[in-house]
Q: 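Supplied in structure tokens, the structure appears directly below.
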Amino acid sequence: MGRAGTCNSSRRIGSRRSSLGGSVAKRYEPAVVEAKWQRRWEANKTFKAVDCSEKPKYYVLDMFPYPSGAGLHVGHPEGYTATDIVSRYKRMRGYNVLHPMGWDAFGLPTEQYAIQTGQHPADITQRNIDTFRRQLKMLGFSYDWDREISTIDPGYYKWTQWIFLQLHKMGLAYVDEVPVNWCPALGTVLANEEVIDGRSERGNHPVYRKPMRQWILRITKYADRLLEDLEDLDWPESVKEMQRNWIGRSVGTEVRFAIEGHPGEGISVFTTRADTLFGATYMVLAPEHPLIDTIVTDTCRRAVLEYRAAAVQKSDIERTDLIREKTGVSTGAYAINPANGQTIPIWVADYVLASYGTGAIMAVPGHDQRDWEFARKYRLPVVEVVRGGNLDDGAYAGDGPHVNSSFIDGLNVEEAIDAMNEWLEARQLGRRKVTYRLRDWVFSRQRYWGEPFPVIYLEDGTIRALDESALPVELPQEDSVKPSGTGESPLANLTEWVDTVDPETGRPARRETNTMPNWAGSCWYFLRYIDPHNDDVLVSPEKERYWMPVDLYVGGVEHAVLHLLYARFWHKVLYDLGVVHTKEPFKKLVNQGMILGLSYADNRGALVPADFVVHRDGGHFHRETGEPLTELPAKMSKSLKNVINPDDVVKKYGADTLRAYEMFMGPLEASKAWDTKGVEGVYRFLLRVWRLVHGWDRNAGAGKADTLLRVRHQTIKKVTHDIEAFRFNTAIAQLMIYVNEMYKAPHLSAEDLEVLTLLLSPIAPHICEECWERLGHTESLAYHPWPEYVEAYTLEEMASYGIQVNGKVRGQLEVPAGTPKHQVLEQAKAHHNVARYLAGKQVVKEIFVPGKLVSLVVR
RNA sequence: GCGAGAGUGGUGGAAUUGGUAGACGCGCUGGACUCAGAAUCCAGUGGGCAAUAUGCCUGUGGGGGUUCAAAUCCCCCCUCUCGCACCA
């Protein structure tokens, strides 16, 4: 369908007399209508949220976007439309709605682009933000734009830095020289969460371990609270489960092993299976373990050092690639098993992780598959201590009676763990302990385009956190950003900025040149929307108490762990400081699914770019080879030429169509493929609505019967419930049914059309405002009360029964609603087709489901 | 390997306290309107058998089971998606 064709056709139809009678109707021009209402909403500040009003509040939050150079993609409007529908619906329901938008504007890609092009990141970011803002306004979202914030604004990051100072004061921020994920290609250090399979999440570059001086946040101190408080959140179970797994709480025992010939030393290990201590036949230290140098024997020293050097240099990807084949070397030293006094060899192997537990393990090859594989390879003894498996085939990790284990023989695993723990604790050889998979959060980045740390280093190496009065510590205004070349931040070369003086002593000092990671600004932005221009406090306590918590938070699953865990952590810190009054920031969380593009595969499964596909006879064929192709959803990508740009869709069909289509595609949480034909279907629906309203003659239906009473009330009921439950696709389907009925009706009342307009308005606000005006209203419908339904009016007059005989439907029966059971049964049995199946049989059971069906069992 | 979720027409998806499977949209077919096309409006559309009709059979990834009745509950299997992955 040509662009011009769409518009011309609507003009022709629109200019004709409607079959419903009435005056010459105006043509539907989305561009005109949408611009008109967007101007009016902006001029009237229609969506301004009032702080601390009498009305009940409702806080609807979108995950604010990173303003990339590519602009908005069709995935953004999905979640944003969903929250906008809820916002508009809640306003009509009498709520004071806070629905803000802002920019997560610091970020690595912008910095890299700035370096490549010799521009300043701030300039690029500002242009990107302008594009995003224009696109969001074009879609008619009901944001309170007076509350717009940006994480790069010094007035904003002043408070990000302020929170850091509080973290520092509370002992939750510390500096450490730790092996970090060093990515040479990006020239920076990454958090564990930004490394996937040993490669950088951004750019897919290899990542190596390198010790560096870093700021680290003690998130592990909050591990238990982060875990426990998940319980009460109205979040998708999958997200909660991911967070639980990420925190990885593990209850076990720390056991201390003495080392032969080193009376002062010992090796602590963490185990969840203390009951298998009698089966510990060797120990393994991680290559980074500090005791290696002390205990290694002279004959083994060289091999161990070589092994360690090789292991430390490996990237994570190389380490994990070697999952199948475990390697290690003996230290020559021996430990003493505290349970039975036996000497057992100490090995070094990189299958033991330095960063988990104590960085050392007791190896129980009989009952741990990893230890079993290692023992096999290096011919270490395997001892069975729990009966139930065959140790020639592999380790046995199941339950069973203990053997070869002295005082715990015969006990099952659970009892044996308790018994062993008591035994160890009584002799002070070990103690119960909880370990987490969660690590402290490496909080430094070697970048320019991030929040500077409010920290200086004195000449003697002392770290001094600046006073709050020194905030914000602003980024230096440079014309362009150049890499330092040393792996340090580009800030390191800007000596005028770096060299400073200690405000307390007046002595020379150097600023911290690392900056904060992207997550910092997004950890608390939802608080700043509440009080965006306050220079004295992060957020006024009064306003915080009114607006928090966020009632609804919508965003992509990609933030299931990172952003949401960090934000919860900071929120708990702010809670402890008394800045906020809720333990958790986000009451309800909804993840929108991904929007995929259509793509085409040939019979080998290879994807064919869209410009090589010809559509004819209802099939899809390769332009050059002519071979038939199958259609399937795939991620939108430049190479497949299947990227849908929201600007183009709005230009052709309008924002209302884009909004309604994205909601109509399917359930919000599901991944769905974009279908241009589907967009046209939704456009046609809006066109039908438009013609209904604009072709309507108020006098034609006056005083006539209310023929649409039932379907109207059914529609109010269904749309209301569906919006409450985030089922926008079925809400739209019901509105389509209603419109179809309206086209069949002999005449329409003002109420018929007003209800339609109001119910559709959260989804397609521009066209509905225009229709509302056409129906004679002078005020915006944004705060008009939501239609109410009367349950009695929704009920059908006639009940349609399906009649089953032995479970198969044999007939239909229409009776007045409320017909008593015995009458329905009587008529059902008399049904001529049903009677055929009853003839000569005996009815042994009659089931009656009121209003639905009759089921007869015959023998 | 572990954990979570999902498999329904040509197609996106409806329907789950078990109660007439396929709402609504797309596509397709037919009709109205038109010189014609586009658009619009109306009707039909899971598959098969029928053409006497208010008809029969079959059908929600596959196979079993419970039940008068299963997309929905139970068991086994297959496929796909997502997350985690040497976490002791």
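In what follows, chains are A, B, ... by sequence order, proteins preceding strands, each numbered from 1.
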Q: Using OP1 and OP2 only, check whether a side-chain N or O of Arg437(A) sits under 4.0 Å from A85(B).
A: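 Answer is yes, contact under 4.0 Å.
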Q: Can you tell me, in whole Å, how much space there is between the C1' of G61(B) and that of U8(B)?
A: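 One C1' to the other, the span is 10 Å.
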Q: Roughly how many Å apart are G13(B) and U81(B), using the P atom of each and rounding to a whole number?
A: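 It works out to 16 Å between them.
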Q: On the nucleotide G13(B), are OP1 or OP2 found under 4.0 Å from the side-chain N or O atoms that Arg727(A) carries?
A: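 Result: no.
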Q: Rounding to an integer number of angstrom, what distance separates G62(B) and G7(B) when you compare their C1' atoms?
A: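 The answer is 12 Å between these two C1' atoms.
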Q: Mark yes or no for a side-chain to base donor-acceptor pair under 3.5 Å between Gln812(A) and U20(B), with no hydrogen or angle criteria applied.
A: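 By the distance-only test, yes, there is a pair.
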Q: When you check the glycosidic angle of G55(B), does it come out syn, meaning within 90° of 0, or anti?
A: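 Anti for G55(B); the angle lies over 90° from 0.
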Q: Look at the side chain of Arg684(A) and decide which nucleotide, out of A69(B), A88(B), C26(B), has an atom nearest to it.
A: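 The closest nucleotide is C26(B).
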Q: Does OP1 or OP2 of A14(B) have a side-chain N or O of Asn729(A) closer than 4.0 Å?
A: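 Answer is yes, contact under 4.0 Å.
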Q: Taking the minimum atom-to-atom distance to the side chain of Lys845(A), which one of C68(B), C57(B), C84(B) wins?
A: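 The closest nucleotide is C68(B).
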Q: Taking the P atom of each, how far is C24(B) from A32(B), in whole Å?
A: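 Those two atoms are separated by 25 Å.
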Q: So that I know where these two stand, are Tyr351(A) and Phe374(A) an aromatic pair - ring centroids less than 6.0 Å apart?
A: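 Centroid distance Tyr351(A)-Phe374(A): below 6.0 Å, so yes.
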Q: Using OP1 and OP2 only, check whether a side-chain N or O of Tyr837(A) sits under 4.0 Å from C56(B).
A: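 For C56(B), OP1/OP2 do have a side-chain N/O of Tyr837(A) under 4.0 Å.
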Q: Under 4.0 Å between a side-chain N/O of Ser250(A) and OP1 or OP2 of A88(B), yes or no?
A: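 Answer yes for this pair, as a side-chain N or O of Ser250(A) is under 4.0 Å from OP1 or OP2.
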Q: Between C26(B), A23(B), G55(B), which nucleotide gets closest to the side-chain atoms of Lys677(A)?
A: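 Output: C26(B).
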Q: What contact category does Asn833(A) fall into here, base, sugar-phosphate, or nothing, at under 4.0 angstrom with non-hydrogen atoms?
A: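 If one applies the 4.0 Å heavy-atom cut-off, Asn833(A) turns out to touch the sugar-phosphate alone, with no base involved.
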Q: Taking 4.0 Å as the cut-off, does a side-chain nitrogen or oxygen of Lys808(A) come that near to OP1 or OP2 on C56(B)?
A: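 It does not, given that no N or O in the side chain of Lys808(A) lies less than 4.0 Å from OP1 or OP2 of C56(B).
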Q: Does Asn740(A) place a side-chain N or O at less than 4.0 Å from the phosphate oxygens OP1/OP2 of G25(B)?
A: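 Yes, because at least one side-chain N or O of Asn740(A) sits under 4.0 Å from OP1 or OP2 of G25(B).
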Q: Give a yes/no answer on whether the side chain of Arg691(A) brings an N or O atom under 4.0 Å of OP1 or OP2 in C41(B).
A: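 For C41(B), OP1/OP2 do have a side-chain N/O of Arg691(A) under 4.0 Å.
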Q: For the residue pair Asn740(A) and Arg688(A), confirm or rule out a side-chain donor-acceptor distance under 3.5 Å.
A: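 Indeed, the side chains of Asn740(A) and Arg688(A) share at least one donor-acceptor pair under 3.5 Å.
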Q: Rounding to the closest angstrom, what is the interatomic distance between G10(B) and G22(B) at atom C1'?
A: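 Taking atom C1' in both G10(B) and G22(B), they lie 14 Å apart.
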Q: Under 4.0 Å: is that the gap between some side-chain N or O of Arg810(A) and OP1 or OP2 of C57(B)?
A: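 For C57(B), OP1 or OP2 has a side-chain N or O of Arg810(A) closer than 4.0 Å.
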Q: Pick out the pairs of N or O atoms, protein on one side and nucleotides 6-12 of chain B on the other, that lie under 3.5 Å.
A:
from: G12(B); atom 1: O2'; to: Met665(A); atom 2: O; distance (Å): 2.9

